[in-house]
Structures are given as C-alpha cells and as structure tokens.
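Next up is a structure, given as structure tokens.
Both ligands and their constituent atoms are indexed starting at 1 by order of listing. Basis for what follows: all heavy atoms, side chains included, without hydrogens, waters or symmetry-related copies. The first residue in the sequence is number 1, and the count goes up from there.
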Amino acid sequence: MASSTATLLLAIAVAHSLSLSRATSAPAPPPDSSRQPVPAASTVRAGFYLAAGARLRPLDELDASLYTHLYYSALAVHPTTHRLVLPADPDQASLLASFSPALKSKNRGLRTLLSVGAAGVPGAGSQPRTDPAFAAMAADPASRAAFGAAAVALARDSGFDGLDVAWRFPASALEMADFGFLAAEWRAAAPPGFLLTATVYFSNHVFDAPLPGVDYPSEAVARCFDWVNVVAFGLRPLGAANATTAFDAPLYDRASHFSASYGVVSWIDAGVPAAKLVMGLPLYARSWFLRNKANSGVGAPVVAAGPKQRGSNATGVMSYDEVQKLAAAGRRAVTTTYDNASVASYVSMGDVWVAFDGAAVVAEKLAFAARHGLLGYFLWPVNYDDANLTVSRTASDAWIQNEISSSSKNGTGARQTQEPVRLPPALRSPAATPGPGLAPASGSASWLIWTKLDAFLHLGMLLIIVCC
Ligand SMILES: *[C@@H]1O[C@H](CO)[C@@H](O)[C@H](O)[C@H]1NC(C)=O
Ligand SMILES: *[C@@H]1O[C@H](CO)[C@@H](O)[C@H](O)[C@H]1NC(C)=O
Ligand SMILES: *[C@@H]1O[C@H](CO)[C@@H](O)[C@H](O)[C@H]1NC(C)=O
Ligand SMILES: *[C@@H]1O[C@H](CO)[C@@H](O)[C@H](O)[C@H]1NC(C)=O
Ligand SMILES: *[C@@H]1O[C@H](CO)[C@@H](O)[C@H](O)[C@H]1NC(C)=O
C-alpha cells in the first residue's frame with residue numbers, strides 16, 4: 001500500500017515534469033509575452049555571502065553595486081525531520097531577515113537568492129560526498145514537496161527573488177534521479193518570475209563518487225533552472241593528504257580533468273546551454289607548510305596543511321583578505337607567482353605556501369567564461385574579500401568590459417562563442433562509459449544492481465503514465 005502510494009506520487013512527479021517539458025520545449029515566446037515563466041537574466045555577476053562568516057565582512061561593508069545577484073548561504077536541511085533549519089542564533093536570524101532589504105536599498109536592480117543545503121566549508125572542496133540530510137529529503141516525494149513549499153514561502157516572505165538548490169553533491173544514480181524530480185517539482189511549484197538556480201559539481205560527471213557512472217540529469221537541469229552555478233574550485237583534497245603543493249582551482253590542467261575549463265566544457269558537452277552556466281571563482285586560498293622553503297614551486301613536498309587564520313578559522317585555508325595581510329606583514333616583500341599555463345597563482349612566504357586567485361587569474365578566467373558565452377560568474381564567498389572588495393571589483397569591471405567589447409565588435413550585442421567547445425583529449429572520464437572491466441571488482445555487483453534498479457524505476461513510471 002505504502003509503496004504503491006509512493007509509486008503513484010512518483011508518477012505524478014514525472015507527469016509534472018513531462019508536462020513542464022512540453023510547455024518549455026516549444027519555441028521560446030518573445031520576451032514581452034506573459035506566458036514566459038521566467039524573464040531570463042541577461043548577465044550574472046553573483047556572490048555568495050556565507051552567513052556563518054558574517055564577522056569577517058559585515059553585510060553593510062559590501063558594495064551592492066558590484067553584483068547583479070547575491071546569495072544568502074545557507075539554510076540546511078534537518079537530518080531527521082527533513083525540514084528547513086532556521087538559524088537558531090539571533091544574529092543570524094536577523095541577518096536572514098535583513099539581507100534582502102538591506103542590500104536592495106543600496107542597489108535597486110539587485111536580486112537576492114536563498115541558498116538551501118549545506119553551506120560547505122571553504123576549502124572542503126568538490127569532494128563528491130553527498131549531504132545525507134538533503135539526500136533523504138529529496139528521496140521522499142512528500143518531504144521534497146513540503147520542503148520546497150516552505151523554502152519558497154520563507155524566501156518570498158524575507159524579500160528574496162529566488163531559491164538556490166545547493167545539494168553538494170548528489171553522488172549516486174538514484175540521488176541524481178531525485179535531483180531531477182526535485183528540480184521539476186520545485187520549478188512547477190515556484191511562482192512566475194521566481195528564480196530557481198542550482199549549485200552543482202564542477203563537472204557534469206561526478207568523479208570519485210562511491211558508485212561509478214554518476215552524471216547529472218542535464219536535460220532536467222537545462223529545463224528547470226534559470227542557471228546553474230558550477231563549483232569550479234575545491235579541486236584538490238584538503239590537508240596534507242596529497243603531500244605536495246597544488247592549485248585548488250586551475251583553469252587548465254594538462255595532466256588531469258581536475259580543472260575549471262574541463263568542468264565547464266563538460267557541462268556544455270552534456271547539453272546545458274552555455275548561457276545557463278555561471279562559473280565559480282574562489283575567494284578562499286589553500287595553504288601548506290613546505291618541507292623545504294628553498295623548494296617552493298608547484299608540486300613541492302609539504303609537511304602539513306597551512307596555519308589557521310583568525311577569521312577563516314580552519315587549517316589549510318585562508319581568505320583572500322588574510323593572504324594579502326600575511327603577505328604585507330612579512331619582513332621581506334613577497335611576490336605572487338602567476339602560472340600562465342594553469343591560469344593560477346601562488347605566494348610563498350617563508351615556509352608557508354598559498355594558492356589563491358589573484359586579479360590576473362580572475363581576469364583570465366572571466367575572459368574564458370566570456371569566450372564560451374557563459375551567463376556570468378559567482379564569487380565564493382564574497383565576505384572573504386579584502387576591505388576594498390578588490391576581487392569583487394576586479395571581476396565586475398572585467399566582466400562589464402568583456403560585455404562592452406563583445407557588443408562593440410558585434411552590432412547585435414549578442415555574445416559569441418568563438419572557440420569550438422570540446423573536452424581536452426584523453427581526459428574524458430573512463431567512468432562515463434563504463435565497460436565491464438572498468439567497474440571496480442568489489443563494487444561492480446552493487447553498481448549493476450543500482451543501475452538496473454534505476455532503469456527499472458524509470459520504466460515502471462513510464463508504463464504508469466502511458467496506462468493513465
Ligand atoms: C590524492 O592522493 C590519493 C591517495 O594518495 C590519490 O588516490 C589521488 O589520486 C590524489 N589526488 C590528486 C588530485 O592528486
Ligand atoms: C573556530 O573553530 C572552532 C572549532 O574548530 C570553534 O570552536 C570556534 O568557536 C571557532 N571560532 C570562531 C571565532 O568562530
Ligand atoms: C607563458 O608565458 C611565457 C613567457 O611569457 C610564454 O613563453 C609562454 O608561451 C606562456 N604560456 C602560455 C600557455 O601562455
Ligand atoms: C584600499 O584602498 C585604499 C585607497 O585606495 C588604499 O590606501 C589601501 O591600501 C587599500 N587597501 C587594501 C587592503 O587594498
Ligand atoms: C556578429 O554577429 C553576426 C550574426 O549576428 C555574426 O555573423 C558575426 O560573425 C558576429 N561578429 C563577431 C565579430 O562576432
């Protein structure tokens with residue numbers, strides 16, 4: 001009985017998503033049509049404000065004119081009730097209530113979004129470990145619907161213009177299916193004009209997930225979200241586990257697929273339009289203690305994660321502001337090394353080595369994003385910027401400059417994709433096309449079962465729909 005009810009609800013969910021698919025796969029109506037559910041953003045210069053790190057940069061120190069969209073990050077899912085967890089701390093509760101009105105009073109064009117899911121710890125990276133509370137909420141149609149309704153209601157009551165699905169990150173085929181259902185249902189339930197975005201893994205294919213063959217449902221992603229925020233950072237494991245210095249968010253990497261460019265292009269290849277992709281840039285840095293300060297290049301041996309800083313309060317991580325202060329505090333002038341092959345930069349200060357995105361990296365990454373016709377960028381988190389908001393300002397200026405020069409080159413003002421889009425050779429994920437020999441010996445049986453179960457579920461739901 002219970003299971004047939006669940007199946008029926010799932011069928012309704014799919015029927016929802018199919019009807020939505022029919023509605024939106026028709027040619028796009030003209031922009032002034034009242035049928036258009038969501039006016040498309042023309043560009044996105046976004047920032048995530050980490051509520052837990054509000055003391056690093058109070059809200060009133062932000063310059064709201066540097067962004068088109070600001071995210072409140074984040075409200076979590078309760079692990080047992082699967083409901084939205086409201087901030088218990090009175091300061092955070094008042095931050096949530098004042099976030100939208102305070103920022104919009106400084107920039108009337110600004111849009112704000114409420115991000116739900118684990119806020120994540122800067123530097124904890126793109127490790128594909130699912131958020132169990134989010135996964136449990138998303139697995140059950142009833143809690144999914146209740147959570148979505150509550151989140152939309154809270155967002156609207158607090159003056160937000162949209163909701164961000166920050167499930168970091170679905171890590172199995174079933175969780176990906178749930179992610180697709182959630183996207184379709186929340187889109188169907190959201191009021192017209194309400195923004196719905198998702199913050200997703202750097203690549204469309206999730207590497208190193210417990211089960212192989214985990215791809216996002218790109219068709220649902222493209223159809224249901226206004227755009228997706230690609231987490232193009234956190235590409236190296238935290239701490240001294242990998243015992244050498246490394247870049248955390250390189251644009252290019254010749255030796256592996258762990259690069260921002262690979263991730264962005266994988267999303268485009270998967271069929272999500274570039275104009276729905278927003279590329280993430282980190283405002284946190286990764287740090288290590290060098291084994292030998294005379295050997296301070298990329299790939300140099302390290303002995304431990306770098307020193308904890310007062311503001312960011314975690315070993316191996318620093319805010320952009322803290323990197324600048326540490327560099328300025330030294331007795332000798334330190335120089336930033338820019339690696340033009342990776343598009344990444346680092347400073348080494350005595351035995352402390354820090355990889356971070358400086359102004360040159362930001363400019364080059366944004367040029368890449370513009371060349372590929374992306375909708376924009378997001379900074380994560382904006383409260384890690386320095387007092388002058390140097391990175392936010394550099395990014396905003398560079399993006400606007402790119403837009404001006406691309407529209408002056410082209411009378412239509414349309415952004416052009418100038419380069420053929422393809423993945424670096426030989427770096428495609430072997431797991432994306434798993435042959436029998438590629439599944440890990442111990443996990444292959446369970447992988448087969450999950451894949452079959454998933455296919456079976458989909459087939460079952462389709463049959464139900466056809467019969468109805
Ligand atoms: C990090 O180290 C682990 C274990 O030594 C290895 O399996 C993994 O490939 C390394 N990751 C990177 C990005 O180098
Ligand atoms: C820093 O982190 C520790 C736990 O790692 C926590 O107990 C402490 O309250 C944090 N300090 C601040 C100022 O947030
Ligand atoms: C990096 O800069 C060096 C020296 O300016 C130049 O020779 C090299 O071609 C550049 N590499 C890339 C990938 O742009
Ligand atoms: C901020 O800008 C002021 C004036 O332009 C300058 O004097 C100061 O050094 C800057 N501070 C930082 C942290 O960049
Ligand atoms: C400008 O747009 C037109 C079509 O709208 C295209 O044919 C032309 O190549 C574009 N020019 C540039 C410089 O991108």
Side-chain angles (χ1 to χ4, degrees), residues 47-62 70-80 84-99 102-103 114-134 166 168-169 199 231 233-234 236-243 246 248-249 282-289 302-329 349 351-356 379-389 391-392:
F48 276 68
Y49 187 81
L50 206 55
R55 77 203 139 76
L56 274 84
R57 185 74 52 215
L59 203 57
D60 61 13
E61 291 180 15
L62 290 190
L70 278 168
Y71 287 82
Y72 175 99
S73 177
L75 291 186
V77 181
H78 193 279
T80 53
L84 198 58
V85 180
L86 296 175
D89 176 61
D91 288 347
Q92 285 203 24
S94 88
L95 174 65
L96 176 63
S98 63
F99 189 82
L103 291 167
L114 177 62
S115 187
V116 294
V121 179
S126 289
Q127 311 308 316
R129 262 178 258 110
T130 192
D131 171 355
F134 204 112
R168 298 178 68 173
F169 296 98
T199 296
V231 178
F233 47 79
R236 288 295 178 274
L238 193 59
N242 288 45
D248 188 64
L283 268 164
Y284 69 86
R286 293 283 306 277
S287 66
W288 289 272
F289 282 109
V302 299
V303 290
K308 189 190 270 196
Q309 305 295 299
R310 262 182 83 194
S312 50
N313 194 27
T315 56
V317 172
M318 291 182 196
S319 69
Y320 175 84
D321 187 35
E322 289 164 343
V323 177
Q324 303 307 313
K325 284 183 174 146
L326 205 61
M349 303 172 271
D351 60 352
V352 176
W353 193 96
V354 186
F356 73 107
L379 300 173
W380 199 88
V382 287
N383 28 344
Y384 277 31
D385 211 338
D386 68 12
N388 286 346
L389 308 171
V391 178
S392 288

Below 4.0 Å from ligand 2: does a non-hydrogen atom of R55 turn up there or not?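 R55: in contact with ligand 2 (<4.0 Å).
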
> For the residue pair F99 and Y72, does the interplanar ring angle fall in the parallel (under 30°), tilted (30 to 60°) or perpendicular (over 60°) class?
Replying inline: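 Answer is perpendicular, since the angle exceeds 60°.
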
(request) Give the residue, atom name and distance (to 0.1 Å) of the protein heavy atom nearest atom 8 (C) of ligand 2. (result)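 Among all protein heavy atoms, the one nearest atom 8 (C) of ligand 2 is N313 ND2, 3.8 Å.
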
| task | Decide yes or no for S287 and T315: does some side-chain heavy atom of the first lie under 4.5 Å from some side-chain heavy atom of the second? | result |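 No, their side chains stay 4.5 Å or more apart.
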
Check: Hey, is atom 2 (O) of ligand 2 touched by any protein heavy atom at less than 4.0 Å?
Finding: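 Yes; the ligand atom in question has protein heavy-atom contact below 4.0 Å.
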
Between S115 and S73, which heavy-atom pair has the shortest distance, and what is it?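 Of all heavy-atom pairs spanning S115 and S73, the closest is CB-CA, 4.2 Å.
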
For atom 11 (N) of ligand 2, decide whether some protein heavy-atom distance is shorter than 4.0 Å.
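So far as the 4.0 Å threshold goes, atom 11 (N) of ligand 2 is in reach of a protein heavy atom.
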
Atom 5 (O) of ligand 2 - nearest protein heavy atom and its distance: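 Atom 5 (O) of ligand 2 sits closest to the protein heavy atom K308 NZ, 4.2 Å.
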
Charged tip of R236 within 45° of W288 ring normal and under 6.0 Å =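 No, a cation-pi geometry is absent between R236 and W288.
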
Where the side chain of D248 meets the backbone of R286, is there a donor-acceptor pair that is under 3.5 Å apart?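 Side chain of D248 to backbone of R286: no pair is present.
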
